[in-house]
2 protein chains.
Amino acid sequence: MSSPAAPGDASKGEASHGDARRRPPGMTDVARLAGVSQKTVSRVVNNERYVSEALREKVLRAAAELGFRPNTAARALITGRFQRIGVVSLGSALFGPASMLVALERATRAAGLSFMVANTPEGQPEAIQESIDWLLAQGVDGIILSEPKDEGQRLRPDAGVPIVSLGQAGDLPDERVALARGRTAASCREAVDHLLDLGHERVWHAAGPQDWWEGRERLEGWAEAHRARGIEPPPPLAGDWTPASGYAAGLALPPEATAVFCANDDTAIGLARALSEAGRRVPEDVSLVGFDDIPAAAYLSPPLTTVQQDFAGDAAHALNVLLRLLPGAEAPEQEAAPPRRRLVVRASTAPPPIRQ
Amino acid sequence: MSSPAAPGDASKGEASHGDARRRPPGMTDVARLAGVSQKTVSRVVNNERYVSEALREKVLRAAAELGFRPNTAARALITGRFQRIGVVSLGSALFGPASMLVALERATRAAGLSFMVANTPEGQPEAIQESIDWLLAQGVDGIILSEPKDEGQRLRPDAGVPIVSLGQAGDLPDERVALARGRTAASCREAVDHLLDLGHERVWHAAGPQDWWEGRERLEGWAEAHRARGIEPPPPLAGDWTPASGYAAGLALPPEATAVFCANDDTAIGLARALSEAGRRVPEDVSLVGFDDIPAAAYLSPPLTTVQQDFAGDAAHALNVLLRLLPGAEAPEQEAAPPRRRLVVRASTAPPPIRQ
DNA sequence: ATAGGGCTCCAAAACGTTTCTGACTACGTA
DNA sequence: TACGTAGTCAGAAACGTTTTGGAGCCCTAT
């Protein structure tokens, strides 16, 4: 059993040339190759000062030769930061949420942070908190809530990291929970004003779901536009973003209605379908405005007047708010330009038909 | 102010109750509270054997009381694994890519892995390799390429982790790069067969971009359906997924065409618009089939016959392929059920008009 | 001439886990 | 009685970074 010479010695001597278990190279390896201390490699990699140009280049050459990549786990371990933000998003390919997700990823990566998503399946009240917990378990420095729904307001306050919601105010539990409020209502007013300016007496509304703040905000903007002119808005038609609900709203639309503001473009598509089946023409009999400006909007029959969103602007704003809450706050001080939505007028809106 | 003792001393004595720098509790803290060794806490947390029930409960209680969350960075550092996969996705809110992304996130989280996206902006050939590098720098155990485009084939082979592409075969560089091939072509054949069975002599094709494998595969399926019947397919109409390109294709559509298979639903919408402007009715004069089954498809005028995709199935398949390549392969052995697309027949397809 | 202070670099100590090694019981079997 | 084995636990050694605490060196101002 026990040989006089330890059998381990030989293999230990050649350990660096190990066979199967090839660990990726670390700073130590780079340092050895470059003939400097490991700390110096760290300085070069992190672009710190006090490294001579000659050494810096030598280190970089060694790092490149070895294919060195800094180990984020080790860095995160010592710094306590992950350089990563999590996003809780409604798991949906709907144009709005999907666009926002893309915009958030872009903004995040541009800020040098990595990006982790947790989708919430629809219809599960506890799903948001679950997704937050999941992100926290994975390790994130902050969280952006990109949920157009309300359930986010029932959050436990002990997250330990700042949370920013893209949503409406509401009683968010903690001072660490900030808010990047959208400006949906204003652009809805603009859309409805466009219809009223065309001469329509009142504008109907095929609403979004009212347990989504996004749906409520669009409804409020619509109602405000009426009240600003002393007009009582007609009762809203319930909906849930789907073309199906728009179709139902179209069936329920009273004969005297001459203009409809739809909560989103899909709703408008469904509503247009119902009108078409009822023999009511757009825009001659009924004017239609959507919201989102989906790519197909310009090619519907007729092309749809709609509101274009500024996802990139909203995303950048939310990220700025979050970054400012982070401990190592690299927060870009300049306030991001206020997101600008705009009404795209196409052929689905026209003056109301002349009453006889 | 009020304390006679040196203020520095007091704070030092109470260091564990530190003010600003509150490190989150670690296994050591849990161990101290539970009166066990740190190693035992590790065993409990990881559900290892050889821990008595009494101790396990005591540890769990202590962990809950402290709000302990295992530090993934420390774990990743020692194990060399991140329990995380990266996805390179086309940064786009297009229905297809967005749906695939959601499906991939679901599948990944269901497998207990965390999920990191890197979007590639369109039109940058080197963007995919950049995104891969970004993911590798962040630390991932494997990568799924959810790019419907081809540039993925110019990848450097030294990733160090397995890469799975959802795309077409092609000369992927490395044996570590596997492939989760889609079955687009087959369902395209089905769609075209549907039109041919209705009596159309030939079916035109408003194609997707041919530098996307997804576009080529749809075109090939369309062509195959013709050749299987000994028919020469008409020349395809170029396109790029957008309604605009569908509109252009509609303008270019020859008068004798009675049926068109569109590369996606948006293309079909644009094409329908062009037909409508030209006074050609759908489906009486021209039958139309799309691809994707976007939510609005059922509510267009007329409702669009289209091909429904199986994103969840494709995502699960790709993830399975990847998991099998991972070192700690927890690969579910049972092959995932082959993804099933299906043709949804609606009102946009009908027999061809009778020739006089 | 010499103290100070930038610049350049190094060695060792964390960070919170997993892995490795081993010690101590209890129990059944030779 | 002695021994092997499975169960239960603890201590120490990694893992690859950042942080901390210097140590030389050269230049300048006194």
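Order of the sequence lines sets the chain letters (A, B, ...), proteins ahead of strands, with each chain counted from 1.
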Could you go through residues 58-70 of chain A and list every donor-acceptor pair under 3.5 Å that involves a side-chain atom there, pairing it with any protein atom two or more places apart or in another chain?
none

>> Among residues at least two apart in sequence or on other chains, which ones pass side-chain hydrogen bond (donor to acceptor under 3.5 Å, both in side chains) with S37(B)?
In response: T40(B)
> Which whole-number value in Å describes the distance from R49(B) CZ to dT19(C) P?
Replying inline: 15 Å
N/O-N/O pairs, protein side and nucleotides 23-26 of chain C side, under 3.5 Å:
none

>> In this structure, how many angstroms lie between the P atom of dT17(C) and the CZ atom of F82(A), rounded?
In response: 10 Å
> What pairs with N46(B) under side chain to side chain contact (heavy atoms under 4.5 Å, CB included), at least two apart in sequence or on another chain?
Replying inline: E48(B), R75(B)
>> The criterion is side chain to side chain contact (heavy atoms under 4.5 Å, CB included); which residues satisfy it with S42(B), sequence neighbours excluded?
In response: M27(B), K39(B)
> Can a side chain N or O of S52(A) be found less than 4.0 Å away from OP1 or OP2 on dC9(C)?
Replying inline: yes
>> I'd like to check the side chain to side chain contact (heavy atoms under 4.5 Å, CB included) partners of A312(A); sequence neighbours left out, ordered by chain and number.
In response: D310(A)
> By side-chain hydrogen bond (donor to acceptor under 3.5 Å, both in side chains), which residues pair with T108(A), not counting sequence neighbours?
Replying inline: none
>> Restricting to side-chain hydrogen bond (donor to acceptor under 3.5 Å, both in side chains), what partner residues turn up for S131(A), sequence neighbours left out?
In response: R109(B)
> Please give, in whole Å, the distance from dT17(C) C1' to R81(B) CZ?
Replying inline: 15 Å
>> Checking N71(A) now: which residues fulfil side-chain hydrogen bond (donor to acceptor under 3.5 Å, both in side chains) with it, not counting sequence neighbours?
In response: none
> Does a nitrogen or oxygen in the side chain of T40(A) sit under 4.0 Å from OP1 or OP2 of dC10(C)?
Replying inline: yes
> Separation of R56(B) atom CZ from dG7(D) atom P, in whole Å?
Replying inline: 14 Å
>> Would V36(B) and V41(B) count as a side-chain contact (heavy atoms from CB on, under 4.5 Å) here? Give the steps.
In response: CA-CA 7 Å; V36(B) 299; V41(B) 177; 3.9 Å; yes
> Does Y50(B) have a side-chain nitrogen or oxygen under 4.0 Å from the phosphate oxygens OP1 or OP2 of dG7(D)?
Replying inline: yes
> How would nucleotides 16-21 of chain D be written as a contact map, 5' to 3', with B for base contact, S for sugar-phosphate-only contact and - for no contact, using protein heavy atoms under 4.0 Å?
Replying inline: BBBB--
Please table the atom pairs, donor to acceptor, closer than 3.5 Å between any side-chain atom in residues 133-146 of chain A and protein atoms at least two apart or in another chain.
residue: D133(A); atom: OD1; partner: Q129(A); partner atom: NE2; Å: 3.2
residue: D133(A); atom: OD1; partner: R156(A); partner atom: NH2; Å: 3.1
residue: D141(A); atom: OD1; partner: F82(A); partner atom: N; Å: 2.8
residue: D141(A); atom: OD2; partner: F82(A); partner atom: N; Å: 3.1
residue: D141(A); atom: OD2; partner: Q83(A); partner atom: N; Å: 2.6
residue: D141(A); atom: OD2; partner: R84(A); partner atom: N; Å: 3.3

> Between atom CD in Q83(B) and atom P in dT18(C), what is the gap in whole Å?
Replying inline: 11 Å
>> What's the angle between the local helix axes at either end of the helix from dA1(C)-dT30(D) to dA30(C)-dT1(D), using five pairs per end and rounding to 10 degrees?
In response: 50°
